[in-house]
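Notes follow the structure.
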Amino acid sequence: MSDGSVQQKQSQPAVPLLQEQRVGEILAAVPERGQWRYRPRRVGLVWRSKTFRAGAVFTVLALCGLVILALVRDQTGTEGFLVGLGLAVLPVPLLMAAFRWLDRVEPWSWRNLLFAFAWGACAAALVAIIANSFATRWIATATADPAGADTLGATVIAPVVEESAKAAAVLLIFLFRRRHFSGILDGVVIAGFTATGFAFTENILYLGNAFGEDQQIGTSGFASVTAATFFVRAVMTPFAHPLFTVLTGLGFGFAALCARRHRIRRILLPLLGLVLAMGMHALWNGSGSFGPYGFYVVYGAFMVPVFGLVTWLVIWSRQRELRTLATELPLYAAAGWLTPAEPLALSSMRARGMARDMARHRHASACGSTSVYGTPYGAPYTSPGFGYPAPGPPPAHSPAYGSNRVVAQVCSHAKAQARARGRAAARAVAEYESFATSLAFLRRRARRGAADPDFVARELELLHHLWQRREVAGPALTYAAQATGRLRPRYIPAGPAPHPQYGGYLPNPYLAPHAQQPYARPPYGSVPPPRSR
């Protein structure tokens, strides 16, 4: 046994000794990646893949959409479903455009907005239909009172189920897109898109059922049940479901503004918004049981004032976000990253749009003012101004006709290139405005003590993106600040002190020591004199 064990030990290969001077020699013998026999196995990483998660979400929403489509079609019939679909889609673009207008300061990507809309139209609507039907039937069986079960289901069960299902979309985006969820407007916009999708599916159901009733009783035109349902749901109260869910979005928005140390407040505020949404929804659904004029009383004395109050709050929050840009960005202007005019232009939506238009026209005209041959568009070398008289139009069979066709093709190609350069410049200015807005909100969160551990890295990344686009966006924003009258000589708004994690005002490493002075002369002429008061 001893001899065999000794022979076995002697036959085993030796383990390479780790010696610093021989590490390179040992690792040089490793085959190339294409000849590897052992490859790292991605155990558990499939759940972390963005592609897998996006595919899973799309699959779930698509399945919910197919199920809800079958359920609604089963209740309304094919013809009623088509009529309801055609009428229910009419208020959707108006609501989406309104919420998108509110979201212009720091806009969400359409991917997130479409997810919220699809969640409301498919997942939330499916949960609401199944849960409401089950609960109503169970109450009717338990109490032996179908009429009372319908009333209880509409005023108690439906508000709780529907608002909870819609709030799930806001919660998901709040958790998985936390860095983009920075304030009140973000919660309002996500909640509004979710509720718009939910109302779209619900309107298909109600309008389809109304059309079925009209077919049974033989009514049509303005006196039909379909017309009355459309007037109430799409004309008088298209904002009903968005208004309910916006209260939940406001709770999440206020929670996003809280510092990380206020954990209880960050939990209670969304719950408070959800409870308010449920209560308002219950009051609205129960207005029909308050008498013949209960609907109009609730609509005029409660719904309209609350809608006006929420609208004022949202517009005030939008202006507050613009004021945040004017407060936070001058810090970077003092450090040399921005010009003094840029914070003033970035804090005005009118100046932002003017800057994009200016960049588009300026770069398109710079590229399109001359053709590739150095002559103006449509001006051949024999045109006036080049020492030749203006010739008449050549006949179609002459050789000059072919040369003019070549010149026209060249000019058309050059104009297309000019338009492309103009669109690229406008896109660069829009990206500059988006990065600057994110930078201002990032510093606001840091000033409130809600900064993430990677605050400095994220700040430097945003500054890098701004610097890459400054050559195009800087002159356009300076011009917009001057044209809108927001630029004042020798005036830079004061900002708060730097964040404790941030080592002072970061000097611009891209500028030479003698070029750190941010007060450069505007490229579009002299600064206009101040307006008389």
Side-chain angles (χ1 to χ4, degrees), residues 99 102-103 108 112-113 115-117 119-120 123-128 130-132 134-135 152-199 202 239-286 298 302-303 305-307 309-314 316-317 320 441 445 448-450 452:
F99 287 110
L102 294 173
D103 196 35
W108 284 93
N112 295 321
L113 298 179
F115 163 77
F117 181 86
W119 181 277
L126 178 61
V127 171
I130 295 177
N132 291 341
F134 175 79
L152 185 62
T155 56
V156 178
I157 303 299
V160 174
V161 172
E162 294 177 5
E163 295 307 323
S164 299
K166 289 183 288 182
V170 188
L171 176 62
L172 290 175
I173 293 182
F174 181 81
L175 294 177
F176 293 99
R177 292 292 182 268
R178 183 63 187 87
R179 293 181 177 179
H180 304 283
F181 210 115
S182 58
I184 297 175
L185 282 182
D186 294 323
V188 169
V189 172
I190 295 299
F193 268 81
T194 305
T196 301
F198 184 88
E202 192 178 65
F239 57 85
H241 271 289
L243 181 59
F244 304 150
T245 315
V246 158
L247 297 178
T248 305
L250 288 175
F252 280 97
F254 284 115
L257 295 176
C258 296
R260 289 182 175 272
R261 62 181 181 272
H262 299 148
R263 294 185 179 180
I264 298 179
R265 190 181 304 175
R266 289 161 61 91
I267 296 175
L268 292 180
L269 286 174
L271 292 178
L272 177 61
L274 178 60
V275 171
L276 291 177
M278 293 177 180
M280 190 172 181
H281 196 164
L283 178 63
W284 175 249
N285 286 357
V298 173
F302 188 76
M303 292 288 291
V306 172
F307 175 76
L309 179 62
V310 172
T311 302
W312 171 85
L313 177 61
V314 170
W316 175 83
S317 300
R320 181 174 173 271
F441 291 165
R445 288 178 54 83
R448 293 182 173 180
D452 296 324

* **Any T248 side-chain heavy atom under 4.5 Å of K166 side chain** => no
* Find out whether I173 and F115 are in side-chain contact, i.e. whether some heavy atom of one side chain is under 4.5 Å from a heavy atom of the other. => yes
* Asked: Of all residues at least two apart in sequence or in a different chain, which pass the side chain to side chain contact (heavy atoms under 4.5 Å, CB included) check with L313?
  -> L250, W316, S317
* Between E163 and A277, which heavy-atom pair has the shortest distance, and what is it? -> OE1-CB, 3.8 Å
* **Heavy-atom pair of closest approach, residues P242 and F99** => CB-CZ, 3.9 Å
* Asked: From H281 NE2 over to L283 CG, what is the distance, rounded to the nearest 0.5 angstrom?
  -> 10.5 Å
* Got more than 12 heavy atoms from elsewhere within 6.0 Å of CG, L175? -> yes
* Structure fact -> Residue set satisfying salt bridge (charged side-chain N to carboxylate O under 4.0 Å, His left out) with E202, at least two apart, ordered chain then number -> R233
With a 3.5 Å cut-off and sequence neighbours excluded, list the donor-acceptor pairs that the side chains of residues 183-190 form with protein atoms.
{"unit_1": "D186", "atom_1": "OD1", "unit_2": "W108", "atom_2": "NE1", "d": "3.1"}
{"unit_1": "D186", "atom_1": "OD2", "unit_2": "S182", "atom_2": "N", "d": "2.7"}
{"unit_1": "D186", "atom_1": "OD2", "unit_2": "S182", "atom_2": "OG", "d": "2.9"}
{"unit_1": "D186", "atom_1": "OD2", "unit_2": "G183", "atom_2": "N", "d": "3.2"}

* Asked: Any side-chain heavy atom of S164 within less than 4.5 Å of one from M278?
  -> yes
* Would you give the length of the straight line joining atom CG of L243 to atom CE of M280, rounded to the nearest 0.5 angstrom? => 3.5 Å
* Which heavy atom of A135 sits nearest a heavy atom of I157, and at what distance? -> CB-CG2, 3.5 Å
* Mind checking what makes side chain to side chain contact (heavy atoms under 4.5 Å, CB included) contact with A191, not counting sequence neighbours? -> V170, T245
* With sequence neighbours excluded, what pairs up with F174 under the ring-ring contact (aromatic ring centres under 6.0 Å, His included) test? -> F181, F252
* **Atom pair CH2/CZ of W312 and F307 - distance to nearest 0.5 Å** => 15.5 Å
* Asked: What's the shortest heavy-atom distance between W119 and A168, and which atoms?
  -> CZ2-CB, 3.7 Å
* Structure fact -> Rounded to the nearest 0.5 angstrom, the CZ-CG distance for F176 and L171 is 8.5 Å
* How long is the span from the CZ atom in F441 to the NE2 atom in H180, to the nearest 0.5 Å? -> 13.5 Å
* What pairs with A158 under side chain to side chain contact (heavy atoms under 4.5 Å, CB included), at least two apart in sequence or on another chain? -> N132, E162, N285
* Compare every heavy atom of P159 with every heavy atom of A154, then report the nearest pair and how far apart it is. => O-CD, 3.3 Å
